[in-house]
Each structure stands twice: as C-alpha cells, then as structure tokens.
Student: 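Quick one: the structure is below, questions incoming.
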Amino acid sequence: MPSLVTTWRRCGDDVLYIASLDVSTGKLQEQEGKTSAGGESATLTAHQIFFVVQSQRNRHHIEEAENLREDILRQSLGLGQASPEILFLHETEEPAGAWTILPILPRIASTLHGKLAWLFFCTEETLVDLKHLVHLLSQYDHRQEWFLGHPLHDEEATIIHHFAFHEGSTSFLYPDFEAGWALSRVLVDRLSKKWDLTSHDLDFTIDLKHEVALYIWDGGKGIKLTAVPQFCTLNETGKGCATAVNTTFPTCGKPVPVEDIFFAVKTCKKFHHDRVPIVWKTWGPQAKNIEFYSDESDPSIPTITLGVRNTERGHCGKMFAILKRMSSHHELQSIPWLVIVDDDTLISVPRLAALLSCYNTKDPIYLGERYGYGLHTGGGYNYITGGGGIVLNREGLRRLLASGCTCSSDDAPDDMILGMCFHSLGITTIHCPLFHQARPEDYAKGYLAHQIPISFHKHWNTQPLRVYCEWLFADDMSSNVCNSRDEL
C-alpha cells in the first residue's frame, strides 16, 4: 500500500497545490505545482466550493479549525477530486472584525478563481460530509442567486433582534451557522459590490446570523434564505445530511477545579431580596469562591462595598474596582480564573469548569458571548457581553491592569469598556455560543436544541428557577430547588 495518496488542490486559474495524505500518520502535506487551464466541468466538484471557516485566534480554536480542514481535505482525496480552498477567518488582515463576514466579502470575492461556484461558511462545530455537500449544491444553479441554510425563526419578536418583525416574526428565516450555509458565486459578487458602494451605519453586531439574513433580504429587494433540510443540526441517518453539528460539549480533559474559579456577582440594594436569593437557590452553592458586590453592606448575603456609587446604567466603576480587588487581595491572588456576572445571571458552574479545561492559563483569556461595535465601518472592537458572564484568567487580568486602561466615568458601559481595553492590547475576544446574554425565550428553539448551554440572563417575564432547572441543571448535581416541584 502506498505511503502517500496525492491529489491536486486548485488555488487559482493556473497555480495548483499538491495535497498528499501520509497514510501511516494521517497528516496532510502540500507543495506548489502547475497545470494548464482546462475547461469547466459539467458537474460540480469540490474545488468549485470555497470554504470559509469562522475560526478564532486562540490555540484551542485554531486546533479545532485545523482538524476540520484536514477532515475536508482527506475527504476530497477519497473522492479523487481537486481539493477545495479553505479560508480561516482569524488569518485575515483584520481578524477582529472578520467574524462579521459582510465587511470582508469584497476581499474574498476579489481572490476567487473564475471557476468557483459557491462559498460555503461553517464553524469549528460543523461536521461536513463533502460528497453529500457537493451533490447537494449541484442541485442548485450557481449562475443564479442562492442563499442556502438550515432555517431558524423566532417564535416571537426578541430583544436580540431589536424586536424585528414583531407582527410576524415566524415568517423570517435565518441560517443556523453551526449547520453551515452557502452563497452562490453570483450572489457573493453582487453583495460585494453593494457593500463597497454603500455606507454602513450598523453600530452593533449582536446576532450575526440574523443580521446577515436581513442584509441579504434587503427589506424585500434581495432574496430570502432557502431552507435546505440536508444542512442538518443532527446527523440523521437516511436524510442524506451534507452537514451536521458536533453536539459534544467542549472539554479537553479534566475540568478545572471549581476552587480555581472566583465568581464576582454585581448587585445593588434594591435586588438584595429578590435576585440574590435566586443565586443561592440555584448555582451559588456550586461556586466555592463567590462574592457579592453592592452599594450597601448586607451581612445576611453577605455583600462587599467597594466605595463606588451605584449607577442606573453602565457599571464601569464597579467593574474595575472588582478587577483591582481580584488582583490585589491576598486571598484571591492565587485563583487562576475570574468570572464576573450580574445578579440575574444563571450559570452552570460544572459546565463552565469543563469548558475552561480547553484554555491554556499562560495565554491571556477573555471569554464569553461576543458582541461587536463599529466593526462595519472598518474600525470598532469586540466585547464580551456582561449578562451572560465575562471570563478572565489571571494573565488576562494582569495585562489589562498593567495597561492603565480604565473607565471614562463610573456609569460607562463596563462590558464595552473592557472590550475596548482588550482590543487595544491585541488580546482576542473569544466567543463561546454557550453563553447567553438573554433568556431562552429570546433564542430560536432549533438553535438551542443542539446546545448544552452554560448561561442565560434576565429574570424579566420568565421563571428563573424553571430556566435553571430545565437548561442548566444536570442530573449529577445536587439541588433542592430542582428536585422540588413546589419551588418551581
């Protein structure tokens, strides 16, 4: 049996790469080669699909993206086809805003070779069956505009979508990014020209999949998502799935000891008797190191006052006081991880501990649910939204405080100021979709169906105890509240 199996990988009209699979090691090797241009094939092949992996600049996430790339290339070798080109978004010139996709579409379009038919977008969690994907896309005429994906819809107008379509939210479809989604080359070219020729006043990027669908639909002047059942969220036998979602919870060995995580809960006097008791009934007992920071001392909780006045909006002064305490207080200095949450955040401590096993404490870590501000204008920054929980490690905290970056005022938006600071330091904002800024009701049911969530936020118009027990409680956890129907 030969030690190397070789195929051609096209990277342009004339320049090719040879992709070789070492059977004994399973590793891929590539070297540059040349061939003459040939005629376009009558049927779609893998090299006519350009893959865009929504990767992140962190060693764990890069490794996951590399594994996905090797799997796709290995499949193309098995098909005997020239391998597709694969782009990692974190390797683009502007990695901070590349994840929002629309601003970099013109740059991607300008590099595509003439025979390319489709752009296929996926995440690190996407499982790709290349043979089925090629067959699926061949069913659609790439010379026409197509926007394909696994459809999601809102049951009701939601805050994360700015209450769009409040009179009929279920009718607007948007793609589940984890299941993969595709744009025909013709549509990519049109969207790229449109982006270059228009101004962009979209300040916030909150739920990108919904915002991309809105942009492509263009108020009815563009096209809507075409629902494709073969873009699957579960690998359903007999359905001919071209993709599926890896639903395994991300863990990389033994969970981080709970003793190595410090939880800082932001509260104030008016919530001492309604929100704080929910913490103690749900996730609080799971946390071995937890402190509540308030504008008033209350020994029954107990709370700690930091000499910072309470503000109605933004809590930057309180946030930085917590960070400085974490850095300087001798009892806290040995704890590797810091998690800052609101008093109405619901979180699974064991799941968080398992997730953190994937991150190297020598790297600066800034982790949670990522939002963006001003990224469509060529500048801007990312930030971890505070309600779902902000996770820092000791190295990230050290670099932040050493930089001197601080609040413009006590009532400045704390999560956004942190994002600005980390952006200025060149520290990656690491996105994990298992953290949630809003309630379960605010997310599409199909989206949550393939998740094992870590957090939710807000007690407004919901039952927080029921949310915790339904979404965040595991059978191997002890919780009187979840074992008692009377409490719920």
Student: Once rounded to the nearest 0.5 Å, what's the spacing between atom OG1 of T305 and atom NZ of K318?
Tutor: 10.5 Å
Student: Would you compute the distance between atom NZ of K269 and atom OG of S297 and round it to the nearest 0.5 angstrom?
Tutor: 12.0 Å
Student: Can any side-chain N or O of T303 pair as donor or acceptor with the backbone N or O of E296 at less than 3.5 Å?
Tutor: yes
Student: Return the CD1 to OH distance between I160 and Y443, rounded to the nearest 0.5 Å.
Tutor: 5.0 Å
Student: Decide, yes or no, whether a salt bridge links R399 with E395 under the criterion of side-chain N to carboxylate O below 4.0 Å.
Tutor: yes
Student: Could you check whether the rings of F263 and W283 sit parallel, tilted or perpendicular, using 30° and 60° as the cut-offs?
Tutor: tilted
Student: Could you tell me the separation between the CD1 atom of I216 and the NZ atom of K194, rounded to the nearest 0.5 Å?
Tutor: 9.0 Å
Student: Evaluate the ring planes of Y383 and Y381, with Trp represented by its six-membered ring, and classify them as parallel (under 30°), tilted (30 to 60°) or perpendicular (over 60°).
Tutor: tilted
Student: What do the steps show when you test L214 against F172 for side chain to side chain contact (heavy atoms under 4.5 Å, CB included), and what is the final call?
Tutor: CA-CA 9 Å; L214 280 176; F172 185 76; 3.7 Å; yes
Student: Is D295 salt-bridged to R309, cutoff N-O under 4.0 Å?
Tutor: no
Student: Report the C-alpha separation of R69 and D71 in whole Å, then their side-chain angles, then the decisive distance to 0.1 Å, and conclude whether the salt bridge (charged side-chain N to carboxylate O under 4.0 Å, His left out) test is met.
Tutor: CA-CA 5 Å; R69 175 161 60 187; D71 181 61; over 6 Å; no
Student: Are a donor atom and an acceptor atom from the side chains of D415 and Y371 found within less than 3.5 Å of each other?
Tutor: no
Student: So, taking the atom named CG in L425 and the one named OG in S403, what distance separates them when rounded to the nearest 0.5 Å?
Tutor: 4.5 Å
Student: Do I384 and Y366 have side chains that approach each other closer than 4.5 Å (heavy atoms only, starting at C-beta)?
Tutor: yes
Student: I'd like to know if R57 pairs up with E91 as an ion pair, taking the criterion as any Lys NZ or Arg NE/NH1/NH2 lying under 4.0 Å from an Asp or Glu carboxylate oxygen.
Tutor: no
Student: Strictly by ring-ring contact (aromatic ring centres under 6.0 Å, His included), give each pair with a member in residues 285-327 just once, sequence neighbours left out.
Tutor: W280-F292
Student: F120 vs F51 aromatic rings, parallel, tilted or perpendicular, using cut-offs 30° and 60°?
Tutor: perpendicular
Student: Please determine whether a side-chain nitrogen of the Lys or Arg among D196 and K193 lies less than 4.0 Å from a carboxylate oxygen of the Asp or Glu.
Tutor: no
Student: Assign the ring pair Y468 / F473 to parallel, tilted or perpendicular, where the plane angle (0 to 90°) is split at 30° and 60°.
Tutor: tilted
Student: Taking side chain as C-beta onward, heavy atoms only, is I86 less than 4.5 Å from V52?
Tutor: no
Student: Would a distance-only check, ignoring hydrogens and angles, find a side-chain to backbone donor-acceptor pair under 3.5 Å from E155 to E441?
Tutor: no
Student: Donor-acceptor check, side chain of S55 to backbone of L89, threshold 3.5 angstrom: yes or no?
Tutor: yes
Student: For side chain to side chain contact (heavy atoms under 4.5 Å, CB included), just list the numbers for I261 and L356, CA-CA rounded to whole Å, side-chain angles, deciding distance to a tenth of an Å, and then say yes or no.
Tutor: CA-CA 10 Å; I261 310 172; L356 295 183; 4.0 Å; yes
Student: Is the backbone of S348 close enough, under 3.5 Å, to the side chain of Q286 for a donor and an acceptor to pair up by distance?
Tutor: no
Student: Using the ring of each side chain (for Trp, its six-membered ring), is H61 parallel, tilted or perpendicular to Y359, with breaks at 30° and 60°?
Tutor: tilted
Student: Give a yes-or-no answer on whether the side chains of T233 and H450 include a donor-acceptor pair shorter than 3.5 Å.
Tutor: no
Student: Among H457, R439, H459, K458, which residue meets the side chain to side chain donor-acceptor pair (under 3.5 Å) test with D344?
Tutor: H457
Student: Whether the side chain of H436 engages the backbone of S455 through a donor-acceptor N/O pair (distance < 3.5 Å, no angle test) should be reported.
Tutor: yes
Student: Apply the side chain to side chain donor-acceptor pair (under 3.5 Å) test between R275 and each candidate in D342, T345, D343; give the one that qualifies.
Tutor: D343
Student: Is the cationic atom of R370 (NZ for Lys, CZ for Arg) positioned less than 6.0 Å from the six-membered ring centroid of W99 and within 45 degrees of its normal?
Tutor: yes
